[in-house]
Structures are given as structure tokens and as C-alpha cells.
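Lettering follows sequence order; numbering is per chain, from 1.
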Amino acid sequence: MKSDLLTKLNKQQLLAVTNDSGPLLVIAGPGSGKTRVIVHRVAFLISEKQVKPDEIMVVTFTNKASRELKDRLNGLLGQYDASRIISGTFHSIASKMLRINGDSIGIANNFSIYDREDQISIVRQACELVEVDTKRYNPSIFLSIISNAKSKMIDPILNQATSDSLFDKLAANVYLEYEKLLHDNQALDFDDLLLRACTLFEKSPLVLADLQNRIKYLLVDEFQDTNFVQYKFAKQLTGDSQNICVVGDPDQSIYSWRNADLRNILNFQKDFKNCTVVKLVENYRSTSNILNASQALISQNSNRITNDIETYNPEGTPIELHVAENEYDEASIITEKIKKLRLEGFSYENFAVTYRVNAQSRAFEEAFVRNGVPYKLIGALKFYQRREIKDIIAYLRIIQNSNDDNSMLRVINVPPRGIGERTVTALKNLANLNGDSVCHALLNLDETVLNIHKTGIKSLKNFQGILNEVIEESLSDHSLTSLLDKILSITGYREHILRELEGSEERWENIGELRSIAGQFDDIQPNEALNAFLDQVALVTAEDDPSSDSNESVTLITLHQTKGLEFPVVFIPGLEEGLLPHSRSMDSFDEIEEERRLFYVGITRAISNLYLSWSKYRTIFGTTTRTIRSQFVDNIPENLLKIVNTNKFQLEERSFTKTTNLFDQQNLLPTINEGDKVEHFKFGKGVVVQTIPRSGDFEIVVAFKVNGIKHLLSSVAKLKVLE
DNA sequence: GATGACGGTCTTTTT
DNA sequence: GACCGTCATC
């Protein structure tokens with residue numbers, strides 16, 4: 001066993017695998033065998049150190065990664081049961097803990113988990129309550145403020161007390177109402193799952209001690225993308241054993257907008273003083289052409305824990321840069337390339353087209369359909385976000401948690417059953433009056449107090465009967481699938497769907513898909529099955545989308561979602577200023593650097609062939625504009641790039657012309673000086689701390705009142721100088 | 001109360 | 001160029 005397990009590892013990997021006591025930080029470059037190390041470390045602990053599988057917890061970035069981990073382990077350790085390893089995303093693990101122990105901090109085990117759509121709906125209600133006009137302020141702004149506060153563990157009351165500007169006060173009020181509404185609905189949002197788990201650990205030392213005793217080893221993957229709460233969660237679970245191993249790569253940190261905090265890596269070394277640091281620097285994945293290009297690119301980042309990666313792989317084929325006329329041209333160039341490479345022995349699943357924004361997928365889908373190229377689209381219109389799926393799930397949620405008004409109101413008139421706005425308002429008022437949920441108000445309906453038309457009462461009575469019937473079914477000992485069938489038949493949902501003129505077949509098929517997913521829970525106890533099923537539904541990651549299962553197809557995927565994946569042939573289209581780097585991420589140095597890391601992640605997914613492209617014209621919103629080639633292309637040495645001009649109409653563009661640097665032309669003098677008070681549209685007010693000349697431009701360092709220190713480019717950031 | 005037409009907004013990335 | 005919310009009409 002031992003020889004099998006350890007002979008195929010290099011020196012650093014071996015160190016990371018066998019270092020079996022105390023804190024361990026593994027800095028793992030792309031393709032350096034990170035997953036291999038995690039799998040082997042777990043296998044080593046189990047087979048050599050007699051650690052039981054259920055004493056090991058592995059936190060992964062997606063649920064799929066956690067399943068694959070268990071699969072690989074089962075292959076490695078025949079006699080042990082790898083499925084007993086505690087593994088999942090931070091959110092799914094926290095959710096399970098709260099379902100079991102949440103009652104000690106006042107969280108009932110049947111809480112609902114609200115996704116983004118539910119959250120938006122709650123924010124809208126909160127805005128209404130505090131009289132904030134949602135036409136003036138986009139609800140998602142509040143949502144990101146709330147999420148930001150939660151992932152930094154800022155309490156809503158405290159938040160309210162410390163906010164000074166008018167908008168901050170507004171946001172603080174929305175936050176406060178939002179929390180109340182979540183509470184009323186007996187619901188938790190994604191951030192709550194982690195936040196409350198941390199609270200649970202603090203408030204219930206016994207629960208924590210028990211967990212610490214049971215979890216002897218903790219492993220955290222993709223550590224560079226954890227936020228403050230997630231790190232705290234991990235720290236709390238690490239008992240006196242200090243057996244925590246975190247694996248990550250600062251150069252692949254691409255989720256700061258989701259409040260991931262790179263400082264966690266630095267803090268880890270402070271918090272765990274005696275930690276061992278292992279660096280995996282040999283890349284086994286890519287050709288040296290690809291790796292060298294990636295290293296040249298990432299070396300342009302200044303905020304970096306330098307960590308050069310090297311490979312002994314052969315040079316490989318050159319990286320190609322294609323120039324297209326527009327996005328359709330770009331898509332057909334890539335389609336032709338795929339066809340050609342297929343004749344050379346590649347198969348469809350070897351290809352991935354990786355782009356910055358989901359909207360880019362359309363041109364490729366059209367080209368692929370036209371050319372009969374099979375493809376799978378990862379995470380775009382997610383399965384679980386489809387209307388018909390959310391409707392059915394709403395019914396299940398009402399059964400799970402009768403306080404879930406949000407779900408109740410979603411389907412109270414779906415399919416249409418004559419319960420209109422007035423009737424709903426009357427019912428809601430009645431519920432409010434009695435401090436009750438809408439569902440309870442309906443089930444205990446006293447129609448004499450409702451001041452509405454007879455037909456309204458009749459419709460309510462009808463729905464009451466439907467609900468009672470469904471609830472009755474849920475109380476019987478039947479399976480989840482039979483409950484689902486019952487809901488479909490009693491509510492008349494099938495007929496409702498089939499009545500629709502467009503896409504009704506597809507919608508019905510989706511429900512069939514949902515039914516078969518529910519079937520996976522049929523061997524669990526019915527009352528536990530509902531919680532487990534709804535948890536899975538709420539906490540799925542993009543790769544878990546059932547539609548992504550098909551094989552023998554080209555993968556269409558966002559750059560963010562490619563993290564951790566690899567493909568023999570990778571296409572990165574849309575290398576244009578405003579797209580990569582994205583226009584919304586161009587006004588600070590930090591943001592540009594994160595965009596560069598995103599490109600770096602994309603490049604390093606490629607095993608043997610890499611194709612970059614940009615198109616001279618692109619249509620956004622329906623208007624076509626001339627583009628500028630991405631500045632990141634210039635970060636790749638010319639000798640590694642083969643410029644290809646496929647389009648016969650663009651012969652004149654054949655030479656390798658560097659795009660004119662936007663900043664060179666302007667030759668700016670600093671119109672902003674140190675000490676100036678400035679205002680930024682996004683970061684608010686602040687004071688200029690420093691100005692640094694940067695190739696015809698100035699980097700302005702501003703200390704913002706709310707958002708802290710930011711490095712901005714004078715020509716890009718629209719800074720307004722205040723008196 | 002249901003349905004359809006219109007007009008305004010929007011797109012970054014996601015657990 | 002799609003989607004959502006709002007409004008007018010049946």
C-alpha cells in the first residue's frame with residue numbers, strides 16, 4: 001500500500017501528503033498536482049495513520065469536486081469506506097450542522113435556504129417597508145452591501161449605528177428589515193449559513209467541542225477564495241490538534257467580489273505560528289509554451305507572493321492569436337478550428353471555450369448548432385433557477401417550512417386559481433394581524449373577517465383544500481417522488497405547463513428531471529429526505545447542473561467556473577478592453593490585477609493547445625462598437641504567439657500591431673494632487689494619499705472613507721476633485 | 001382577475 | 001435584444 005501511495009509523488013508533494021501533524025499551508029501553482037496531494041493526503045491518513053474516514057473533513061469549492069474526491073479515494077482505498085469522509089462546500093457543511101444543532105441558537109431544523117432570487121424579493125419587501133424607491137436604487141446594490149457586511153460579520157444594528165451618509169443609513173435600514181423578514185420566513189440566506197454556524201460554535205461550546213473531537217483532520221481546498229467567515233469557521237473547527245491543512249494559490253484568487261479575502265493566506269501563517277509551508281512549483285499539465293506565457297502574464301501583477309512555476313513538459317504547439325471581424329466571425333473561426341482538430345484525433349470533450357461573461361455564449365451556441373457540434377453550456381440558465389423548477393420547489397418548501405411566506409406567495413396563484421392581488425393582500429393582512437404566516441392564515445381561514453368578494457373566498461377555500469391534501473400526503477410515509485407526483489396532480493401543474501404555447505415540452509421534461517433527482521432520496525427517511533433534497537437544490541454549484549452531464553461535447557463555460565478544471569484544447573475569445581478586463585473592473589489597480597489573474601486561470605487550464613482571440617467589432621446591447629485589443633495580450637511575449645488572420649477581408653491587419661495604449665495618447669499631467677479630497681462614483685469620498693507616474697498616466701492612491709485604500713488610474717477612474 | 005402590449009432597464013463573475 | 005414590471009383592456 002505504502003509504495004503504491006507515495007512513489008508517484010515529487011518531493012514537495014510527498015512533504016504535503018505525509019506532514020501529518022499540525023497546521024499546513026500548501027501553495028499550489030496551476031497543474032502542480034493539488035488534487036493529487038489532497039487525495040493522497042487523505043488516503044495516507046486513513047491507511048497509514050489509522051485515521052477513520054469520518055474523522056476527516058474536506059472542504060471543496062464545488063459539490064462535484066467533493067464527489068470526485070470520494071470516487072478517487074474509493075479507488076485508492078478498497079477496504080475503507082471513503083463515502084464516510086465529511087466533505088462538501090462550506091455552505092453545505094454549515095447547513096448540515098445547523099439542521100442538527102441549530103435549535104440551540106434558535107434556528108429550527110426546517111429552515112428554508114434563500115437563493116439570490118428569493119433574496120431580491122426580500123430586499124424589495126424591505127425597501128417597501130422603509131420606503132426606499134426600488135426604481136431609484138437597484139435592490140441588488142443592497143444585496144451586495146448586506147452580503148458584504150455579513151461576510152465580514154458586521155451586525156445590522158452595529159452597522160446602523162456606524163453609518164453616516166444618507167445612503168449608508170438607508171442601506172442599514174434595509175439590512176435591518178431584511179433580517180427581520182428572513183426571520184419571519186424562518187429562512188437563512190447563503191451568508192447566514194456560515195455566519196450562524198460560527199455563532200453556534202461560539203454560543204454552544206459543547207457542540208463545538210464535540211465537533212472538534214470528531215474532526216481530527218481538516219482540509220480546505222481553494223483557500224485563496226475563502227472569505228473572513230469561512231476562515232473563521234475553519235479556525236473554530238480546528239481544535240487543539242491544530243491539524244488544519246489549507247491548499248491554495250494566491251495567483252488564482254478570482255472571487256474578491258464575493259468577498260474572498262487573500263489576506264486569509266497571510267493571516268494563516270500568523271494564526272498558526274508553527275505552520276509548515278509547502279510550495280508546489282512544478283507544473284505537470286501544460287506545454288512549456290503555455291506555461292511560459294502564463295508566467296509572463298502573471299509576473300505583471302505587483303501584489304503578488306512571487307512563486308514561479310516551471311515545467312519539464314515539451315514546448316508543444318504555438319499559442320495562436322486570432323483576430324476576428326465580429327463575434328460571429330470569432331465563433332465560426334473557433335468552430336472551424338474544432339472541426340479541424342477533431343480530424344487530428346481530438347474529440348469534442350477535449351475542447352473548452354472559456355469566456356468572461358455568460359452572454360458571450362450565444363454566438364458560440366448558434367455556430368455550434370449550425371455546424372452540428374455538440375456542446376454543453378455550464379451554469380448559464382441554471383436548471384434550478386428555471387421557473388417551473390422553482391415553482392415545484394416552492395410547494396415543497398411550504399411543506400418543509402410553513403412560515404416560508406415567500407414561497408407561499410410565489411405559488412398561491414400558480415397555476416392561476418383566481419386568487420388575485422386584492423385577495424392576497426387581504427390574506428396577508430389577516431396573517432400580519434395575528435402574527436401568523438400566510439400559510440397558517442389560509443389553513444385556519446375564518447372567512448367572516450375577510451372583507452373580500454365571495455369569489456375570492458371560494459378561490460381561497462379551494463387552495464386551502466389543495467394545501468391540506470398535499471400536506472396530508474407529506475405526513476404519510478410515502479417517498480419524495482410520490483409527494484412530488486401528488487403535488488403535480490393535485491395542483492394541476494402539468495396541465496398548466498402544457499397549456500403554455502412555447503417551450504412547454506421542455507418545461508415538462510425539466511420537471512421529469514427534477515423528479516428523478518428527488519428519486520435519489522427515496523431510500524432516506526421521508527421527513528429527512530425533504531430537508532436533504534431541498535438543501536441539495538439550494539446549494540448546488542454550477543457544475544452540478546444536470547444538463548452538464550452529457551459527454552462527447554464541447555464545454556462552454558465562464559472563466560470563473562473553469563477553476564480547478566483542465567482541457568486539452570482551450571479557447572479564450574473576447575480578449576478586448578472592456579470585456580477582459582471587464583469594464584466594471586477597470587477602475588482600480590486591484591481590480592485589473594484580479595482580471596489578469598482570471599486570464600491566468602484561463603490560460604493555465606490548457607494542456608496542449610491554446611487559442612486566444614479578439615474581434616474588432618462587438619455588439620453589446622444591440623449596438624455595434626469598435627473594440628480595442630486587451631492590454632493583457634501585450635503581457636504575453638511575442639515569440640510565444642502565432643498571429644493568425646483567418647479572415648480574408650482583413651489582409652491589411654496582418655502585421656502584429658500593438659494596440660495603441662489608451663493612456664499613452666493622453667500624456668496627462670497630474671490634475672490631482674496629494675491631499676486633495678476626491679469623490680469616486682463607486683467608492684465614495686476620500687483623500688488622495690499618493691500619486692505615482694505610470695507610463696503616461698498616474699496611479700492615484702486614495703484612502704476612501706468607507707472602502708479603504710484603493711489604487712486608481714487617473715485616466716480611467718473618474719475622480720471628481722472636491723473643494 | 002387574466003391577459004397582452006409597451007417601455008424602460010440592463011450584463012460581470014456565483015455559493 | 002431579452003427580460004421585467006407596469007398599465008390598459010377584456
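- Checking dT12(B), dT3(B), dT14(B) against the side-chain heavy atoms of Thr558(A) singles out dT14(B) as nearest.
- With dT12(B), dT14(B), dG1(B) as the candidates, the nucleotide lying closest to the side chain of Trp257(A) is dT14(B).
- Nucleic acid contact class of Asn413(A) (heavy atoms, under 4.0 Å, all strands): sugar-phosphate only.
- Look at His91(A) and the base of dT15(B); the rings do not stack under the cut-offs of 5.5 Å between centres and 30° between planes.
- The side chain of Arg584(A) approaches dT11(B) more closely than any other nucleotide in the set dT11(B), dT15(B), dA2(B).
- Put simply, the side chain of Thr89(A) and the base of dT15(B) share no donor and acceptor less than 3.5 Å apart.
- Using a 4.0 Å heavy-atom cutoff across all strands shown, Asn138(A) reaches sugar-phosphate atoms only and no base atom.
- Using a 4.0 Å heavy-atom cutoff across all strands shown, Arg362(A) reaches sugar-phosphate atoms only and no base atom.
- No more than 12 heavy atoms of other residues, nucleotides or ligands shown are found within 6.0 angstrom of NZ on Lys458(A).
- A cation-pi arrangement is present between Lys235(A) and Tyr231(A) under the rule of less than 6.0 angstrom and at most 45 degrees off the ring axis.
- Atom NZ of Lys390(A) has more than 12 neighbouring heavy atoms from other residues, nucleotides or ligands inside a 6.0 Å radius.
- Remark: the separation of the P atoms in dT13(B) and dC4(C) is 15 Å, to the nearest Å.
- Relative to the side chain of Arg258(A), the nucleotides dT13(B), dT15(B), dT12(B) differ in distance, and dT15(B) lies closest.
- When heavy atoms are screened at a 4.0 angstrom cut-off, Thr423(A) is found touching the sugar-phosphate backbone but no base atom.
- For Arg258(A) and Tyr255(A), the positive end sits near the middle of the six-membered ring, less than 6.0 Å away and at most 45° from its axis.
- Where Leu598(A) and Val424(A) meet DNA chain B, the nucleotide closest to each residue was compared, and Val424(A) sits on the side nearer the 5' end.
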